[in-house]
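Input: a single structure, listed below in structure tokens.
Indexing begins at 1, ligand by ligand and atom by atom, following the structure's order. The chain is numbered in sequence order, starting from 1. Values below: all heavy atoms of this structure, side chains included; hydrogens, waters and symmetry mates excluded.
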Amino acid sequence: MTIAYLNGEFLPLSEAKISPMDRGFLFGDGIYEVIPSYAGKPVGLNGHLARMNDGLSAISITNPYSFEQWSDILTQLLRHNEARFPEGNIGIYFHISRGTDTKRYHAYPDNVSPTVFGFAFALPPAQPLSKDAVKPFKVALQEDKRWQRCHIKSTSLLGNVMHFQAGIDHGVNETILYNENKQVTEASSCNVFMVKDKVIYTPPLDNQLLPGITRSIAIEAFKRAELRVVENWFTTEDLLDADEVWLSSSSKELMPVVEVDGNTIADGNVGDMWEAAIKAYNAYKFLA
Ligand code: PLP
């Protein structure tokens with residue numbers, strides 16, 4: 001059985017219960033993280049915990065634990081669950097809501113303590129390091145209809161869920177989003193990269209996109225491998241004209257995309273730059 005963590009206790013996931021008056025349930029008032037691990041080794045732990053801390057500060061929730069305490073909970077969740085996931089690819093989900101109140105009232109209440117929940121889930125295996133072995137994605141393209149604070153990893157994910165579902169309804173894997181200036185921002189659950197003439201581009205960080213940990217590890221890995229990477233805006237037109245398009249996220253690492261909104265990217269095959277990029281990422285990911 002999956003062992004979860006709830007407010008100081010490790011227990012079977014099926015026994016983890018929270019009140020319907022929890023503000024996470026009523027308002028989506030909380031912050032979450034997803035931390036990948038392979039063979040017991042987490043990827044980007046410092047970055048994930050730092051981003052969690054930034055998100056909590058942004059919504060005025062006092063971080064209930066120190067870095068060491070979070071790290072200890074993660075280690076224990078991995079240990080409790082490793083027998084259930086013999087392949088060794090385990091994702092850890094952490095969720096901190098503002099807590100449970102006695103009434104439903106929008107203002108941040110005094111005197112509630114955060115609800116802290118964590119559980120382990122089966123992560124897809126790490127990407128193969130060969131372009132012939134990877135299964136690429138096809139994606140939809142939509143104008144971003146979410147809010148103006150996409151840099152906060154909020155549990156209020158209805159906007160993301162609706163964009164993601166639009167892709168599923170079109171028979172594809174994900175949805176890439178663009179703003180009113182037709183600049184690509186991110187995807188509904190991933191960051192976006194494109195390649196043109198051997199240069200890798202990804203949108204710069206601002207309020208329109210999540211500062212993805214995979215994105216930041218990948219950028220550093222590319223620099224170390226002497227692949228040229230530029231953080232700059234590009235448009236949907238640039239995207240459709242790219243030599244390669246990739247998504248990044250903690251569960252997908254770098255995922256090649258061969259079709260966007262029904263348009264084939266380049267010759268429709270996974271590119272050589274993706275292979276160089278995933279090798280660079282793989283060589284660096286546990287050092288980040
Ligand atoms: N952008 C959005 C909207 C996401 O939900 C995610 C991950 O869940 C990402 C980007 C990628 O972030 P990370 O690499 O930290 O998983």
Side-chain angles (χ1 to χ4, degrees), residues 28 30-38 42-56 58 70 74 89-96 118-119 121 123-124 126-127 137 139-168 173-179 183-194 200-222 229 231 245-257 277-278 280-282 284-286 288:
I31 295 295
Y32 76 106
E33 271 301 325
V34 173
I35 305 165
S37 75
Y38 302 96
V43 175
L45 181 60
N46 291 352
H48 283 284
L49 294 181
R51 181 175 66 185
M52 177 199 280
N53 198 55
D54 291 347
L56 290 169
W70 281 115
L74 178 127
N89 314 312
I90 305 182
I92 296 293
Y93 176 87
F94 282 142
H95 179 136
I96 305 102
F119 77 105
F121 62 94
L123 197 70
Q127 290 288 23
F137 268 15
V139 304
L141 192 58
Q142 283 198 320
E143 184 170 355
D144 196 340
K145 297 285 187 191
R146 301 172 302 163
W147 66 335
Q148 303 299 315
R149 293 167 174 158
C150 292
H151 58 296
I152 299 175
K153 199 163 171 67
S154 159
T155 57
S156 312
L157 283 173
L158 186 56
N160 302 60
V161 164
M162 291 174 75
H163 281 307
F164 190 92
Q165 185 61 37
I168 300 298
N173 309 94
E174 242 287 20
T175 304
I176 289 181
L177 306 172
Y178 57 88
N179 65 20
Q183 292 165 321
V184 173
T185 54
E186 61 175 345
S188 73
S189 67
C190 299
N191 291 111
V192 179
F193 290 82
M194 67 160 237
I200 303 165
Y201 296 88
T202 195
L205 296 183
D206 76 358
N207 64 307
Q208 300 175 87
L209 60 148
L210 190 76
I213 304 305
T214 317
R215 172 191 179 281
S216 77
I217 296 173
I219 289 173
E220 180 59 26
F222 299 161
V229 54
E231 293 177 66
V245 174
W246 316 327
L247 303 177
S248 73
S249 81
S250 291
S251 59
K252 292 171 208 67
E253 303 197 302
L254 294 175
M255 174 62 81
V257 173
I278 194 66
Y281 179 79
N282 193 58
Y284 178 63
K285 69 184 181 190
F286 292 118

For [atom], what is the closest protein heavy atom, and at what distance to 0.1 Å?
atom: atom 14 (O) of ligand 1; value: Thr214 OG1, 2.6 Å
atom: atom 8 (O) of ligand 1; value: Lys153 NZ, 3.1 Å
atom: atom 5 (O) of ligand 1; value: Ser189 CA, 3.5 Å
atom: atom 2 (C) of ligand 1; value: Glu186 OE1, 3.4 Å
atom: atom 12 (O) of ligand 1; value: Gly212 CA, 3.5 Å
atom: atom 16 (O) of ligand 1; value: Ser250 OG, 2.7 Å
atom: atom 11 (C) of ligand 1; value: Asn191 OD1, 3.6 Å

**Asked** Cys150 and Gln208: side-chain contact (heavy atoms from CB on, under 4.5 Å), yes or no, with the steps?
**Response** CA-CA 5 Å; Cys150 292; Gln208 300 175 87; 5.5 Å; no
Are the side chains of [Y] and [X] in contact, using a 4.5 Å heavy-atom criterion?
X: Asn173; Y: Val257; answer: no
X: Lys153; Y: Met52; answer: no
X: Leu210; Y: His151; answer: no

Measure the distances from the heavy atoms of [X] to every atom of ligand 1 and state whether one is below 4.0 angstrom.
X: Asn160; answer: yes
X: Ser251; answer: no
X: Ala187; answer: yes
X: Glu33; answer: no

**Message:** Donor-acceptor pair, distance only, cut-off 3.5 Å: does the side chain of Arg149 make one with the backbone of Asn207?
**Reply:**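 Here the side-chain-to-backbone pair does not exist.
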**Message:** Under a 3.5 Å distance rule, please check whether Glu253 uses its side chain to pair with a backbone N or O of Gln127 as donor and acceptor.
**Reply:**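 Here the side-chain-to-backbone pair exists.
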**Message:** Quiz question: by atom type and distance under 3.5 Å, do the side chains of Glu174 and Ser189 form a donor-acceptor pair?
**Reply:** yes
**Message:** For the residue pair Lys252 and Phe137, would you count it as a cation-pi contact if the rule is NZ or CZ under 6.0 angstrom from the ring centre and within 45 degrees of the ring axis?
**Reply:** no
**Prompt:** Between His48 and ligand 1, does any nitrogen or oxygen pair lie at a separation below 3.5 Å?
**Reply:**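 No; the residue has no nitrogen or oxygen that sits under 3.5 Å from a nitrogen or oxygen of the ligand.
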**Geometric N/O contact Leu210 with ligand 1, under 3.5 angstrom** = no
**Request:** Would you tell me which option among Cys150, Cys190, Pro211 has the nearest heavy-atom contact to atom 10 (C) of ligand 1?
**Result:** Cys190
**Prompt:** Are Arg215 and Glu231 close enough for a salt bridge, meaning some N to O gap below 4.0 Å?
**Reply:** yes
**Message:** Out of all atoms in ligand 1, which are within 4.0 Å of some heavy atom of Ser188? Include the element for each.
**Reply:**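 Selected atoms, number and element: 3 (C).
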**Item:** Smallest separation among heavy atoms of Ile217 and Ala288, with atom names
**Value:**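 The answer is CG1-CB, 3.6 Å.
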